[in-house]
Protein chains: 2
Amino acid sequence: MTRPGPGGISFVCQSGAVGSAILDMATDSSLGFSKFVSYGNAMIIDESDIIEYLGKDPTTKVICLYVEGVNDGKKFLSVCKKVAKKKPIIAIKGGITEEGSKAALSHTGALAGSAQVYFGVFKQAGIINAEGLEEMFEVAKILEKTMKPKGSRIQIITNGGGYGILTTDAIVKNNLNLAKLGKKTVTELKKIFSSIVVVGNPIDLVGNATSAMYKESIEKCLNDSEVDIVLAIVLYQTPLLSTDVIDAIIDLNDMKKKPLIIVSTGGEFTELLKSNLENSGVPTYKYPENAVRAIRALVEYYVK
Amino acid sequence: MTRPGPGGISFVCQSGAVGSAILDMATDSSLGFSKFVSYGNAMIIDESDIIEYLGKDPTTKVICLYVEGVNDGKKFLSVCKKVAKKKPIIAIKGGITEEGSKAALSHTGALAGSAQVYFGVFKQAGIINAEGLEEMFEVAKILEKTMKPKGSRIQIITNGGGYGILTTDAIVKNNLNLAKLGKKTVTELKKIFSSIVVVGNPIDLVGNATSAMYKESIEKCLNDSEVDIVLAIVLYQTPLLSTDVIDAIIDLNDMKKKPLIIVSTGGEFTELLKSNLENSGVPTYKYPENAVRAIRALVEYYVK
């Protein structure tokens, strides 16, 4: 079993196996961890004590929690309310069905309780509820790496039309908003680009997109007050795109103007470039739907 | 850009970029392809012509479709109805929101039409509707690799309690059924295993599970008439589990008694073992929720 690199995620886990599998998995991804606590039966200290500690821990930016049962509900609510104001807490409740809660009883002895009560407490405390392990760590990634958005208006930039459409659908389905570019941005981009580029939302740079075109369009969107979040789809399979697009994205992200999220689907080469981006603080996703699901959590934590 | 290996998936795609990104991605996974068709504006032949051809193509086992708009709805419905009886069709409709359909108009010129009409046609034709690209290829994997289940009763085997609980929750949330082991199976497994093993659903082999314990329990479940599908969670992070568990699983899967699905989360080593399993025809998933989502499609196609 390998260990992940250092980072801002702390994982509080009532299941040893979930914890060790995720830590091992994280080694291959660009998820960096600060603390990992497997607390099992919670006989002496419990999840609330650990969350309270992590709330004060300077190297913890995001808290992930896998919990089967909480012993002291009032304590949990009051601690999480306090901590979630300072840093995001993402939780999965194991045993949200009757059958699952029976399994929890024979696992950690936890009295799983009503799922609806848990979801209510999560909402009151400002805890982000993840539906599964994949979602938890995709959400942790965006919250660890990027910054607070001012609103929920997302601008899409793509070099693949189909990806732009799927991303648009995902944004609308997740109750987020499509940005409407300011007039100045539209005029300037139309002046630079040939007429086959669609300057709307999505901005479709089409199949002959270059690194310079990405740089121009991302930069203008970051400077447009009508845009809160930039989601750029970068497909390296198109012929004119060279790898210096990575440097351009990293430089633009380093300006820390707005959240900048990347979507790239591909094989070994794409994965290598994805690691470069993530190690430089740019959250990158394989599929549009997963990126948008993570952005929804970012917006819910900071804006809604 | 790399190319995936041969296999039974054929992908019919109205977007060139979606197609080439997915083909590139598939090279790193164990998804094997038979045909890939990027048909764009569909000026001469359309999606229905291609699906009709693939319906008769002996090397195509599963058809994946990314479609923005269908020109001839009646033709599409009648072709898909016929083909979907012989082999599964999994479809994503691009432009299911008003905003997404506007983007489709400037992409392929497709008139996207009402999403509800599409979903109705998909249902009538027996087409599996995928919510996104990740789901489409996770579903394609299970349908390409495994066999027809007799019913929807799933037996979970795990060496991590938390994973068993998350899987149980996912099965119930997806309206699938938990198997109830036959008395003979329970008696026999209790006789073999120590008392800390939980013989129920999940069967929890706990942290000191061995390859022999997996072999025994999977075999007995495959032979139990109360079980339709076996979902085994295999976490290689536990100390006593050796890699010969892979050979045992492959041998059991080769008997072709029932669908056998594996969940393994982990780093480089886990991914290597996952490739071994998949190349031998065992569909393997990183997370329980994703495996169960794929099983739901398998059951919906063959059973419901």
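These numbers come from the heavy atoms of this one structure, side chains and all, not from hydrogens, waters or symmetry mates.
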Nearest 0.5 Å please: distance from the [atom1] atom of [X] over to the [atom2] atom of [Y].
| X | Y | atom1 | atom2 | result |
| --- | --- | --- | --- | --- |
| A:Ser15 | B:Leu166 | OG | CG | 8.0 Å |
| A:Leu178 | B:Glu99 | CG | CD | 6.0 Å |
| A:Glu134 | B:Glu134 | CD | CD | 4.0 Å |
| B:Thr270 | A:Met25 | OG1 | CE | 10.5 Å |

Kindly give the heavy-atom pair with the smallest separation between A:Asp169 and B:Gly94, and that separation in Å.
->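 Scanning both residues completely, I find the closest heavy atoms to be OD2-C, 3.7 Å.
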In terms of heavy-atom contacts, B:Tyr163 and A:Ala17 come closest through CE1-O, 4.1 Å
Contacting moiety of [X], where chain B heavy atoms sit under 4.5 Å:
| X | value |
| --- | --- |
| A:Thr27 | neither |
| A:Val198 | side chain |
| A:Leu133 | both |

Among B:Pro202, B:Gly16, B:Gly161, B:Gly160, which has the most heavy-atom pairs under 4.5 Å with chain A?
-> B:Gly161
Report the option among B:Cys13, B:Ser20, B:Gly162, B:Gly19 that has the most heavy-atom pairs separated by less than 4.5 Å from atoms of chain A.
-> B:Gly162
Measure [X] against the heavy atoms of chain A and call it side chain, backbone, both or neither at under 4.5 Å.
| X | value |
| --- | --- |
| B:Tyr236 | neither |
| B:Glu131 | both |
| B:Pro4 | neither |
| B:Asn201 | neither |
| B:Tyr287 | side chain |
| B:Ile92 | side chain |

Heavy-atom distance under 4.5 Å between the side chains of B:Ile22 and A:Thr265, does that happen here?
->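 SC-SC contact between B:Ile22 and A:Thr265 confirmed.
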A:Lys173 and B:Ile96, any side-chain heavy atoms less than 4.5 Å apart =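 The answer is yes, as the side chains (C-beta and beyond) meet within the 4.5 Å cut-off.
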All pairs passing salt bridge (Lys or Arg N to Asp or Glu O under 4.0 Å) where residues 200-210 of chain A contributes a residue, at least two apart =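 Residue pairs passing salt bridge (Lys or Arg N to Asp or Glu O under 4.0 Å), neighbours aside: none found.
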Qualifying residues under ring pair (Phe, Tyr, Trp, His ring centres under 6.0 Å), relative to A:Phe11, sequence neighbours excluded = A:Phe36, A:Phe137
